Amino acid sequence: MFHKEGSFHKKAHGKKLNDTPINKSQRKKLRESFLTSILPASTSVDQISSDLVNHIFLDPNSDVSTRKIKLPGATSKAGATCFFIRSPTTGVVGVHSKNENTTTATTQTSRTLVSWPYTKYPQVLLLQVGQILMPSLALLSVLPKSVLDELPTVMIPASVSKFLCRGADLMRSGMMSIPSKHDGWVVIRAVGNPQPFAVGFVTRGADGTSIGPEKKGVGVQIVTCYGDDIYRSQTGGLIESSLEKCGGSAATVVKSSMDNCGGEGARSELGGDIFDHGNYGNVGFVQGKQVYNLCSGGSSSGDASEVDDEQVDMEQRSIKDQQEEDEHGYERGEQGQNDEQNTTMEMDDKLKEVAVVNTKENETEETEQVEKNDDPETILLEAFQDAAIRISKSQLPMLTSTFYTQHMLPARREGSSIDLKSTRYKKLGPFLMEQAEKGIITLGASNGDAVAFLKSIDGSHLDLREARRRKKDEIQSTQTGGKKTTLVNLYIIPHSIVASMRLCEDDVKAINAKSEERRGTGYLTASECRDILKQYLQENELVDEFDPEMVRVDGPLCDSLFRKTKRQLQNDELGVNEYPENVTRKELNNRWLEKMDRAYAIVALPGSHIISMKRGDAPKISFSVEARQSKKKFITRVRGLEEYGINPASFAHDVSKRFACSASIEEEAHGREKLKKDHVECVFQGHLVEELQALLLGDDKLNSHGGTKNSDYSLPKGIFEVKLKKGVPRTRKR
């Protein structure tokens, strides 16, 4: 929710937000709200220090302020998120010794904190979203493990944490557990690291039966997460400085944070690091990008290595197998932690030892990955993934033999070959069965063959998502630096909807558009249109606070989006308007864009310079193919080149040289559709539709003819219209 830079500590115009201090009585109420709303009812007095709670909320030498932040796109503070922010502790942090009954001031690691441990930067204590009060990550970092274990918790594999740190919500397929009872919010922990790194809302319908592999939809909507703008504003640039010193490597920063565990400041007993080091006192929180397994439990280094090996195995198996393995590993970690109560320095040594092991293993895996690029199994896996992401649902089910010959083989890396006998699978069947066990595909049996059919493909699987990202990077790396153009669909909000919903005129006119050409024109992108709708929903508090995917429909929305026209009412059997009370966000967004007036823009890349911007649909370049001489020869007519700044005469001359064909220009269309004013028609010898499209798009991969190479054109896709006259085959014979 607050992952975008500037969403927490700056306003839309770059000005810093003003915080409002609260008085002592309000701080007491806030303390009571924390004890009653955040802490579980089963929490005993012995589990958390009352001195710590009093110092957090009632310390006379510190301030607690409130900050209200409007949700993105909102113009008022209705439904804003309220943050309670505490100033840093002045002086030395107080701790309570294990063997003494008095409070002593020390900078060394201690068993029980009795004061707020953050001494450098202000930290968020609590967040209030609507009527729901939630703890911050800083507040969770000072709570003892016995209290954290009683909070409503969702467990996820450590490898999934990187997606949440990037700003994504937690999908149901990535959840390993979900509490049976909660007040709408939960904390999220990575397996092997007992400290929560995210807090969010559980979506409607998410329960123990709807999570796990192959489950669809969002399970937890993230409110705050390690790595978001709240975290960045509370570190004071500590992460940036550590990256500069350590060369920017994630593994190096982990090792460096372990080596620098010393220094002044209170140290977290749970996370093993100084609270003021910029990672909430947890050495497994790295760079704001991922949460790593601490493996803090265990009585010997052998146990730690065993847990590390299990973690590596987990990430290679399905989430279901991960859950079973993680539960055993977590139990061993808890048992080891109960046994290890000798000294704090022993725990720190164990954390350092494990972090170094993780660092070495990560570096080894990176080296092996480079060496395995030409491995037969790597080529086979990449060909499978590239083929799987190209297949649509309408093509399934499909014979596995067809999938291999017509999809996997063409998808293999250029210049390589698939050699099944050189892999450990030897045949295609065992390989496909392994992919089915991972949950990527579903196989069907026929006549005793267990892998006869490919029934379905899970396009949302993590492996296929990574394959799409890899493919996109490969395409970008091979693109030339020449100019390209793209077609962008734009939208205009009708005046009737603006008046009915009382929308902001500046937003409707695109006053704040990124492109100068669009400012004040009313031409909006799809995302800008959706942001205007989102702002309306937030201002009128129409979003379900327990399920953000559901929206309540009010009167103006009904009139603007769901009211039927007179013709629709006449054709309707009931003849009345039926308005829904609640709709999903996706359905509302689709209906919203359907009601918009259409427009388009032709944009030159790089630079995003708008060449042309008009209402209506984008103009088409028309190809018409006619047969002549007993349907054995053809001519191709081209219209509409002027719409995209192409001189028809120059184009005809260029095509005649490239494809060795005759070309001519006709200014009159006798017996055919009339030409537009100042437009002409190019006529070429032969059936050249595919060649001309490849030439105009500037993509010689679309056609094997040598004349399409080194094209000077770069028109956007989706602007061609092909008409085949009587006697012209749909596909040309080669």
Side-chain angles (χ1 to χ4, degrees), residues 30-59 62 64 83-86 88-89 93-96 98 109-119 123-128 132-155 179 182-183 185-190 192-200 223-226 230-231 234 265-277 279-285 291 294 296-297 330 333-334 337-338 344 347:
L30 188 63
R31 175 185 178 276
E32 294 303 318
S33 298
F34 164 72
L35 295 174
T36 56
S37 301
I38 303 298
L39 296 183
S42 58
T43 304
S44 63
V45 180
D46 298 335
Q47 288 180 275
I48 185 170
S49 170
S50 58
D51 293 336
L52 174 61
V53 176
N54 292 333
H55 188 271
I56 292 174
F57 294 96
L58 305 178
D59 178 24
S62 65
V64 177
F83 296 87
F84 296 92
I85 305 172
R86 190 194 190 281
T89 299
V93 176
V95 294
H96 191 78
K98 181 180 180 181
T109 304
S110 304
R111 291 298 177 187
T112 306
L113 287 167
V114 295
S115 63
W116 185 243
Y118 294 95
T119 62
Q123 302 286 331
V124 175
L125 290 177
L126 299 168
L127 305 85
Q128 186 172 359
I132 300 179
L133 194 66
M134 310 170 70
S136 70
L137 300 183
L139 182 59
L140 291 171
S141 68
V142 304
L143 298 181
K145 186 176 183 301
S146 58
V147 175
L148 295 177
D149 288 342
E150 295 184 10
L151 295 177
T153 304
V154 171
M155 299 296 296
H182 54 79
D183 294 328
W185 62 272
V186 293
V187 299
I188 300 173
R189 287 161 46 180
N193 195 322
Q195 184 171 327
F197 73 94
V199 183
V223 175
T224 179
C225 179
Y226 172 64
I230 299 175
Y231 157 77
Q234 297 174 157
R267 180 183 290 117
S268 170
E269 183 180 359
L270 196 63
D273 201 359
I274 304 297
F275 285 100
D276 282 331
H277 277 184
N279 56 358
Y280 298 116
N282 193 299
V283 294
F285 289 16
V291 176
L294 287 182
S296 58
Y330 190 71
E334 286 190 326
Q337 188 175 8
N338 294 332
T344 305
M347 184 191 71

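Because the structure is a prediction, the values reported are computed rather than measured. Residue numbers run from 1 in the order of the sequence given.
- Under the 3.5 Å distance criterion, the side-chain polar atoms of Ser268 are left unmatched by any main-chain donor or acceptor of Asn282.
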- Message: Pair Ser62, Thr89 - check side chain to side chain contact (heavy atoms under 4.5 Å, CB included), show working.
- Response: CA-CA 7 Å; Ser62 65; Thr89 299; over 6 Å; no
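- Using a 4.5 Å cut-off on side-chain heavy atoms (C-beta onward), Gln123 and Arg86 make no contact.
- Aromatic ring pairs are classed by plane angle as parallel below 30°, tilted from 30° to 60° and perpendicular above 60°; the pair Tyr226 and Tyr280 is perpendicular.
- In this structure, the separation between CG on Leu151 and CG on Leu39 is 7.5 Å, given to the nearest 0.5 Å.
- Contact annotation: the side chain of Thr153 never approaches that of Leu148 to less than 4.5 Å [non-hydrogen atoms, C-beta and beyond].
- Taken from CG in Leu30 to CG in Leu35, the straight-line distance is 10.0 Å, to the nearest 0.5 Å.
- Taking all atoms of both residues into account, the shortest heavy-atom contact from His277 to Asp273 is ND1-OD1, 2.8 Å.
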- Take Trp116 and Val142 through the test side chain to side chain contact (heavy atoms under 4.5 Å, CB included) and record every step on the way to the result. CA-CA 8 Å; Trp116 185 243; Val142 304; 4.1 Å; yes
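- The two residues Pro196 and Val187 come nearest to each other via the heavy atoms CB-CB, 3.9 Å.
- Two residues are said to be in side-chain contact when any heavy atoms from C-beta on lie closer than 4.5 Å; Thr224 and Val124 fail this criterion.
- Annotation for Arg189 and Pro194: closest pair NE-O, 3.3 Å, computed over non-hydrogen atoms.
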- List the steps, then state whether side chain to side chain contact (heavy atoms under 4.5 Å, CB included) holds for Leu140 with Val199. CA-CA 10 Å; Leu140 291 171; Val199 183; 3.9 Å; yes
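- Looking at Leu137 and Tyr231, their side chains never come closer than 4.5 Å, going by heavy atoms from C-beta outward.
- A distance of 10.5 Å separates CE of Met134 from CZ of Phe83, quoted to the nearest 0.5 Å.
- The side-chain contact (heavy atoms from CB on, under 4.5 Å) search around Ala190 returns Ala158, Phe197, Val291, not counting sequence neighbours.
- Interatomic distance, OG of Ser141 versus CZ of Phe285, reported as 8.5 Å (0.5 Å rounding).
- The minimum heavy-atom distance between Thr119 and Pro88, with the atom names listed, is C-CB, 3.5 Å.
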- Query: Between Phe34 and Val53, does a side chain to side chain contact (heavy atoms under 4.5 Å, CB included) hold up when you go through it step by step?
  - Reply: CA-CA 9 Å; Phe34 164 72; Val53 176; 4.3 Å; yes
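- Between Pro179 and Val186, some side-chain heavy-atom pair lies under the 4.5 Å cut-off.
- In this structure, the side chain of Ser37 does not engage the main chain of Leu133 through any donor-acceptor pair within 3.5 Å.
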